[in-house]
Every structure is written in C-alpha cells, then in structure tokens.
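Read through the structure below, which is laid out as structure tokens, and then see the notes.
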Number of protein chains: 4
Amino acid sequence: MRSDEMDRPRTFTEEARRAQIMRCAIEALAELGFSGSSLAEIARRAGVSKGVVSYYFAGKDELLGQVLFDVYARAGAAIAERIGHANDPAVVIRGYLEANLSFLAENLADIRAVVEIAANARSPDGSLRFAVPGEDPVLAHLQSLLQAGKDTGRFGEVDSRSMAVLIRGAIDTASGRLVGDPAFDLEAYTRQLVDVVDLALRPAT
Amino acid sequence: MRSDEMDRPRTFTEEARRAQIMRCAIEALAELGFSGSSLAEIARRAGVSKGVVSYYFAGKDELLGQVLFDVYARAGAAIAERIGHANDPAVVIRGYLEANLSFLAENLADIRAVVEIAANARSPDGSLRFAVPGEDPVLAHLQSLLQAGKDTGRFGEVDSRSMAVLIRGAIDTASGRLVGDPAFDLEAYTRQLVDVVDLALRPAT
Amino acid sequence: MRSDEMDRPRTFTEEARRAQIMRCAIEALAELGFSGSSLAEIARRAGVSKGVVSYYFAGKDELLGQVLFDVYARAGAAIAERIGHANDPAVVIRGYLEANLSFLAENLADIRAVVEIAANARSPDGSLRFAVPGEDPVLAHLQSLLQAGKDTGRFGEVDSRSMAVLIRGAIDTASGRLVGDPAFDLEAYTRQLVDVVDLALRPAT
Amino acid sequence: MRSDEMDRPRTFTEEARRAQIMRCAIEALAELGFSGSSLAEIARRAGVSKGVVSYYFAGKDELLGQVLFDVYARAGAAIAERIGHANDPAVVIRGYLEANLSFLAENLADIRAVVEIAANARSPDGSLRFAVPGEDPVLAHLQSLLQAGKDTGRFGEVDSRSMAVLIRGAIDTASGRLVGDPAFDLEAYTRQLVDVVDLALRPAT
DNA sequence: AATGAATGAGTATTCATTCAT
DNA sequence: GATGAATGAATACTCATTCAT
C-alpha cells in the first residue's frame with residue numbers, strides 16, 4: 001500500500017507479499033527477539049530489499065501491528081471453533097484451556113512474536129504502542145466464560161476476575177517453557193491445569 | 001568501580017552513586033522499556049552526564065546485571081524471611097504465594113525492570129545475556145517446596161513440575177496487571193490464588 | 001557491498017563509490033594520520049554522510065584492509081612488471097630498487113596511508129590487526145632475489161637476510177623524506193642506493 | 001609542575017615522579033602503541049591516579065615531548081661518547097653505526113616509544129606535533145660526519161646527503177626487526193651494514 | 001513493482017582534561 | 001601532593017525511513 005493511494009483494495013500479489021513479509025517478521029522476532037528484528041533482517045529473510053518492506057507497509061509499526069492482529073485473529077478463531085457449540089460451562093472452560101495450550105504449541109513462533117511485539121513496541125513517548133486503552137479483551141472474554149458458569153450455578157463462588165487473570169497467567173507462561181525448556185511436558189501441564197481449574201470452579205458441596 | 005582499578009573495595013560515595021544510577025535505570029526500564037532505557041536516558045534521570053554512568057559501571061551490561069542481581073537478592077530475602085521457620089508445607093506454600101505477590105506490589109518498578117532486562121538483554125551473538133544455562137533456579141526452588149509437601153504426604157499426587165510452572169505463571173502475570181489495570185485487586189487475587197493452590201494440593205480424601 | 005547481502009557481485013556504481021571512499025581514506029591518512037582519519041573525516045572528504053561509508057564497507061576494518069590490499073597489489077604489480085623478464089640478478093635488483101622508489105614517489109599518499117594503517121590499526125586485544133603472523137612476505141621476496149644472485153655466483157658472499165633488511169630500510173625511509181623534506185632529491189638517492197647495493201653485492205675479485 | 005607556578009625549579013621528588021611516569025609511558029607506548037597509551041593506562045602502570053599525571057605534566061603533549069627529548073638526549077650522549085675522540089672519519093662512521101645499533105638493542109622500548117610518538121602525536125590541525133620545522137638534526141649530524149670524510153679525502157665521491165638518508169633508514173628499520181622478528185641477528189646485521197657503508201665510502205682506486 | 005542509495009538521529013563507549021577536596 | 005569525581009566531545013556503528021530511478 002503506497003501512501004499516495006489510500007483505501008485502494010489490495011491486489012492478490014500485494015497480499016501475498018505482505019503475508020510473506022509478515023511470516024519472515026514472525027520468524028525473526030521468535031529467533032532474535034524484538035531488538036534483533038530490524039527491517040534489514042526481515043528483508044534479508046524474505047530475500048527482498050529493505051525498500052520492499054517499506055513499500056508494502058507504511059512503516060515498521062504497521063507491519064508489527066498487522067502481525068499482532070493476524071495472530072490474534074487466528075488464535076481467536078481456533079479457540080472459538082474448539083468451544084463453539086458446547087453448552088456446559090465446565091466443558092467450555094476445559095476446551096478453552098486445551099485450545100489455548102495446543103494453539104500455543106502449534107504456533108509457537110507466532111506466539112513468541114506476538115509477545116515480543118506486545119511487550120516491546122513503543123510509541124515515541126515511551127508508552128506501549130499496542131496496549132489497548134481500556135479493558136483487555138482477551139481477559140474480558142475469559143472472565144465472561146467464567147461468569148457464565150457462575151450465573152448458571154455450574155461453578156462455585158470464585159472471583160471470576162481473579163480466576164481469569166490466574167488462568168491467563170498459567171497459559172501465557174507456557175510459551176516461555178516451550179521454548180528453552182526441553183523437558184517441559186505440555187500434555188502433563190495441560191492435564192494439570194485442567195484439573196486445577198476444574199477443582200477451583202467446582203461448587204462447594 | 002572504575003574499570004582501571006580492580007578489586008578495590010568501593011567507597012561509601014561510590015556505592016551511593018551506583019545505587020542512584022541503578023535506581024534511575026530501574027525507573028527508566030519500568031517506564032520506557034528496555035529499548036527506551038539508553039545510557040543517555042538513565043544519565044538524564046540521574047541528573048549527570050553520560051560519562052558518569054560509564055565511570056561507575058564497566059558498561060551497560062554490568063549495570064543491568066547488577067540491577068538484576070540486586071532485585072533478585074532482595075526478592076529472595078523477602079521470601080525467605082516470610083517462610084523461614086514454617087514447617088507445614090501448606091503454610092510454606094501459602095507464605096511463598098503471599099510473599100511473592102506482596103513483594104511484587106511493593107517493588108513494582110523493580111520487577112518490571114527485571115522482566116525487561118531478562119527478556120531483552122542480549123549478547124552480541126543474539127542469545128539472551130542473562131539466561132541461566134541449565135535449570136531455572138526460581139522454578140526449581142518452588143518445585144522443591146512442592147515436592148517436600150508430596151514427600152511428607154501433606155500434598156496429594158500433583159505433578160510438582162507442572163504445578164510449579166502454573167504457580168509461577170500466576171504470580172508473574174500479576175505485575176502486568178498491577179501496572180496498567182487500575183481495577184486489579186491484588187488482595188482478592190492473592191486470596192484466590194492461595195485458595196486455588198490449596199485446593200489443588202490437598203490430598204484426595 | 002552491503003553487509004546484508006553477501007557474495008553478490010558488486011555493481012559498477014558500487015565499485016565507484018568504494019573506490020572514491022578509499023581514495024578519501026588514503027588522503028585523510030596521508031594528511032592527518034591514523035588517529036585523525038575518523039569515518040566522519042573520510043565521509044566529509046567524500047562529501048557524503050557518515051552512513052554511506054558504513055553502507056559500502058562492513059566497518060572501518062574492511063575499509064582499511066581494502067586500502068592496504070589494493071595498494072600492495074598495485075605496488076607488487078608495478079615492481080613485477082619492471083623486473084619481469086630480466087635474467088641477470090644484478091639487473092633484477094637494480095630494477096627492484098628503481099621500481100620501488102619510483103612507485104613510492106608516484107604514489108606517495110598511498111604509501112603513507114599504508115604505513116599508517118599497518119603501524120596503527122589494532123585488534124580489540126591490542127595486537128596489530130594487519131600484521132602477518134609469520135615471515136614478512138615483502139622481506140622474504142627481496143631476500144629470495146638476493147639469494148638467487150648468490151646461488152648463481154653473480155653476487156658475492158653477503159648475508160642475504162641482512163642485505164634484504166638493509167635495502168628495505170633504505171627504501172622505506174624515502175617516503176618519510178619525500179614528504180616533509182622539499183630538498184630531497186629522489187633521483188640522486190636512487191642512483192646512490194643502486195650504486196651502494198651494486199658495490200655491496202659485487203663478488204670479491 | 002602546576003600551571004600556576006611556572007619556572008619554579010623542580011624538587012627532587014617531583015623529578016622522581018616525572019621520571020617514573022615517563023618510564024611507564026614508554027612501556028605502554030612500546031607494548032600497546034600510541035592509541036593504546038591513554039593517560040589512564042599510563043597512570044595504571046605507575047600505580048597512581050590519572051590526576052597525578054596531569055599534575056606533573058601540563059598535558060599529554062608535555063609528557064610525550066619530554067619522553068622524546070629524554071630518549072634523544074640519552075641516545076645522543078651514547079653515540080657521542082662512542083665516537084668522541086676518534087679522528088679517522090672511517091672509524092667515526094663505524095662507531096656511529098655500532099653505537100646506534102647497540103643503543104637500539106639495549107633501549108628497544110625507548111626507541112619504540114619515540115617512534116610511536118614521533119609518527120603519531122598530532123596537533124589539533126592534524127600536523128605532526130613533534131616534527132622539527134627545518135632540517136632534521138639527526139640527519140644533518142650524520143651528513144656532517146660523512147662530509148668531513150669527503151673533505152679530508154678519506155671517503156670517495158659519494159652524495160653525502162643521500163648516504164646519510166640511506167644509513168638512517170638502515171638503522172631505523174632495525175628496531176622494527178628487533179621486535180617481532182625473533183630470528184633477526186643484530187650482530188650479523190651490524191657487520192653487514194658496517195661493511196656496506198665501508199665499501200660505499202671507500203675512495204675509488 | 002522493486003531497488004539501490006543515502007540520510008540523520010541515535011547507540012554504547014573512550015578519553016583528556018578540570019576541579020574541589 | 002594526590003585523589004576521586006565529573007564532563008563533554010569524539011569514536012564506530014545501527015537503523016528506520018525516504019526517494020529517484
């Protein structure tokens with residue numbers, strides 16, 4: 001998208017180039033971290049000149065933002081599909097956990113890239129560029145799943161907010177383990193997390 | 001510590017300057033992130049010229065490494081003191097959780113700085129500079145606390161490794177909430193986490 | 001040669017820029033010496049921004065190494081051409097002396113630059129960066145020319161090693177005279193040196 | 001010598017300190033070259049603080065100039081003593097060569113330091129700081145020795161200027177060989193140089 | 001549609017010098 | 001006499017961005 005032609009729909013080849021560049025950006029971010037992922041490095045991996053990146057993306061910010069958006073969208077779709085038509089809140093939560101952790105394992109580079117971007121990309125004023133101003137939508141979504149279980153009496157009297165934070169923390173930490181801890185057993189971890197959450201949400205007898 | 005005079009004990013004023021610079025580095029890291037925390041920015045916050053930072057620290061690496069070391073040491077001391085003389089593993093774990101979360105809340109900038117350093121500081125070869133080569137000692141410590149409870153029959157048959165990862169994730173995520181989520185209720189979160197862990201570790205009846 | 005695209009053959013314009021920058025580096029080295037020849041100074045002389053130098057050369061080392069290599073190659077070619085098809089060792093030596101001194105006079109700045117680089121460029125560990133580890137090839141070459149004359153009986157019983165050192169010293173000192181001593185008469189010096197060497201090498205009667 | 005008390009005669013301890021610092025400067029220059037010989041390095045070798053060097057010398061320039069002067073003076077004295085009362089010009093020249101080369105070998109670090117200083121110390125405008133504006137006194141002295149031999153008919157019709165340059169080159173190159181060429185045989189070299197010069201100066205028969 | 005070329009601000013680090021104590 | 005402390009300018013190098021071709 002050249003800056004002098006806005007709002008023009010992107011052609012197929014344009015989209016292909018953008019996708020290719022984004023893929024290379026993800027690889028660079030996953031392998032070299034945020035500061036190692038210069039436009040030069042990304043262009044090198046894509047086998048194109050630096051100018052190409054600037055040609056297809058308004059700037060580094062747009063590229064990173066697009067990566068962030070895409071991975072989020074794919075993760076959201078994967079999770080939605082997994083829990084889509086379940087009715088029992090306990091089954092929903094179980095599906096949520098399993099879907100999250102398996103997406104993590106199967107898209108490790110993407111997740112690592114997203115973490116790098118979200119934690120490091122900054123505006124000139126120093127603030128995190130991709131911090132959503134209000135409520136964290138990921139957290140809010142999980143919280144609503146938990147609240148639904150409480151409302152139907154299927155879950156006990158937990159603090160749905162705190163539980164949402166706790167669960168997200170337990171999920172997010174897994175990507176750090178998956179890379180760099182070869183002994184990490186994702187299956188065992190998933191089972192354990194599912195058990196712990198199941199226990200925690202079970203209504204008092 | 002000037003680099004041209006090694007092994008000399010540091011004078012009081014030297015230590016004071018070093019501490020001041022480290023404090024400013026922590027503030028910069030917490031507010032502006034790793035890439036925003038240039039030596040120039042740190043010097044600016046300390047109200048001194050850039051050269052002063054290089055005068056008291058052999059390089060940026062030493063400064064960041066010292067920050068990392070100091071905060072870790074203080075956190076470790078705080079936690080050790082809290083759980084020092086407890087015998088019941090359940091009490092130990094509860095103390096561990098509470099000590100971690102309260103240290104987090106009371107030293108938020110320090111924790112944020114440590115996270116920035118640990119996640120971003122790289123060696124010239126691209127590897128994380130402060131990654132411990134083998135086992136993560138923090139994780140190993142927590143795992144040993146859990147294992148002790150299992151060995152004495154005080155805890156049930158949980159996977160101590162997975163539980164350790166889960167708990168660390170739940171703790172580490174809190175710093176992200178504490179900054180940027182004004183509605184985050186640390187006390188409620190602590191209670192919830194203590195309850196969840198207590199439930200998870202309780203032996204089967 | 002941009003550092004992000006290796007092994008690619010250099011285009012014509014690339015070579016031109018590199019040559020221009022090397023020329024400016026040589027001038028700076030000849031006029032201001034090693035320590036005065038910063039990349040900024042070289043860029044200033046080339047009428048480009050500092051970044052351009054880094055764009056065409058991987059670093060200062062590559063630039064200086066290339067200058068060294070180029071001047072050596074040109075000097076070697078000039079000398080080889082001059083003495084190429086001579087058979088009589090005495091004629092070879094005479095040609096060697098004349099070729100060296102005339103190359104010196106006609107490429108004074110280049111020689112001065114090479115001397116500055118060879119004597120001052122250091123590796124981070126403090127050792128001379130461009131010192132050849134073993135035998136000095138220039139000296140060895142001259143020594144072999146002298147030895148050839150001895151072996152054929154054309155020269156007397158001189159110590160070929162010592163004579164080589166002596167002759168190189170007499171040649172190298174001329175660049176210092178050529179700059180800074182306006183009264184220095186290169187032609188007279190060449191004649192004198194040729195005579196002295198001729199006398200010294202003449203077999204005892 | 002503090003700058004606020006000029007022309008004051010130096011005390012004994014002052015001279016001792018100056019001598020010590022100069023000795024350390026010579027060692028640093030010989031081992032690390034000009035650019036490696038920072039005031040910090042010199043002070044470190046002397047076991048004093050950087051300030052001390054600035055206290056006893058008006059600046060780096062004065063220190064280096066003093067080193068230059070001292071070594072020259074000692075070399076001149078050594079040579080003068082060796083050839084002092086000889087009458088035969090041939091004996092004088094022989095003594096000159098032997099005295100120069102043996103002083104070189106016995107004061108290698110000093111000579112190396114002098115070469116580093118003379119070749120590298122620059123004024124802000126880029127010109128060599130310690131270049132004597134007019135005639136090189138060392139060269140002029142040697143030339144006068146040669147001329148004396150010619151005038152008395154003891155030497156043949158050589159160009160005394162060219163011969164002086166040639167001989168100085170042959171002498172100066174030896175320090176480069178002495179360091180870095182472990183196989184260099186100074187005695188053989190001295191003999192060879194004496195022979196060559198003797199031959200060159202011998203009057204035509 | 002893509003490239004090569006160039007810029008300029010920014011990075012950590014080094015160093016001679018100054019000065020109060 | 002001597003030191004520790006501080007400065008500010010200079011160093012090589014990196015990088016996102018721009019632009020003519």
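Numbers restart at 1 for each chain; the letters A, B, ... are given by sequence-line order, proteins then strands. On a predicted model such as this, the values are computed, not experimentally measured, just so you know. Keep in mind that the numbers below use all heavy atoms, side chains included, and drop hydrogens, waters and symmetry copies.
In this structure, the CZ atom of A:Arg122 is 19 Å from the P atom of F:dC15, given to the nearest Å. Distance CD (C:Glu14) to C1' (E:dT3): 12 Å, rounded to an integer number of Å. Look at CG on A:Leu32: it is 15 Å from C1' on F:dC15, rounded to the nearest Å. As a whole-Å value, the separation of D:Leu63 CG from E:dT17 C1' is 14 Å. Rounded to an integer number of Å, the gap from CZ of A:Arg18 to P of E:dA1 is 13 Å. Taking atom CD of D:Glu41 as the reference point, atom P of E:dT13 lies 19 Å away to the nearest angstrom. When rounded to the nearest whole Å, the span between OH of A:Tyr55 and P of F:dA20 equals 15 Å. Atoms CD1 (C:Ile21) and C1' (E:dA5) sit 11 Å apart, rounded to a whole Å.
Heavy-atom nearest nucleotides on DNA chain F were determined for C:Gly36 and for B:Gly51, and the one closer to the 5' end corresponds to B:Gly51. Along DNA chain E, the nucleotide nearest C:Lys50 and the nucleotide nearest B:Lys50 are compared for position; the residue whose nucleotide lies closer to the 5' end is C:Lys50. For B:Asp61 and D:Asp61, each mapped to the nucleotide of DNA chain E holding its nearest heavy atom, the one lying further toward the 5' end belongs to B:Asp61. When each of B:Val52 and A:Lys60 is assigned the nucleotide of DNA chain F with its nearest heavy atom, B:Val52 is the one assigned upstream, toward the 5' end.
Taking both residues in full, the closest heavy atoms of A:Ser37 and A:Ile42 are given as O-CD1, 4.0 Å, listed atom of the first, atom of the second, then distance. Considering all non-hydrogen atoms of both residues, C:Arg17 and C:Gln20 come closest at NH1-OE1, 2.6 Å. Taking each heavy atom of A:Glu31 and A:Arg45 in turn, the nearest pair found is OE1-NH2, 2.9 Å. The minimum heavy-atom distance between B:Ala43 and B:Val53, with the atom names listed, is CB-CG2, 4.0 Å. Across every non-hydrogen atom of A:Ala28 and A:Glu41, the tightest pair is CB-CG, 4.2 Å. What you find for A:Glu116 and B:Asn120 is that their closest heavy atoms are OE1-OD1, 4.2 Å.
Dashed line: the shortest gap from a side-chain N or O of B:Arg17 to OP1 or OP2 of F:dG4 is not under 4.0 Å. Between B:Ser38 and the phosphate of E:dT11, there is a side-chain N or O to OP1/OP2 separation shorter than 4.0 Å. Checking the phosphate oxygens (OP1, OP2) of F:dG1, a side-chain nitrogen or oxygen of D:Thr11 falls inside 4.0 Å.
The one candidate from D:Leu63, D:Asp110, D:Val71, D:Leu64 that meets the side-chain contact (heavy atoms from CB on, under 4.5 Å) condition with D:Met22 is D:Leu63.
B:Ser49 comes within 4.0 angstrom of a base, heavy atoms only. Residue B:Thr13 is classed as a sugar-phosphate contact, given heavy-atom separations below 4.0 Å to backbone atoms only.
Here the side chain of D:Arg18 pairs no donor or acceptor atom with the backbone of D:Phe57 at under 3.5 angstrom.
In this structure, the nucleotide among F:dC13, F:dA16, F:dG1 sitting nearest to the side chain of C:Leu39 is F:dC13.
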### Message
Could you spell out the base pairing of DNA chain E as a dot-bracket line? Use Watson-Crick and G-U wobble contacts where both distances are under 3.5 Å, [ ] for crossing pairs, | for partners on a different strand.
### Response
.||||||||||||||||||||
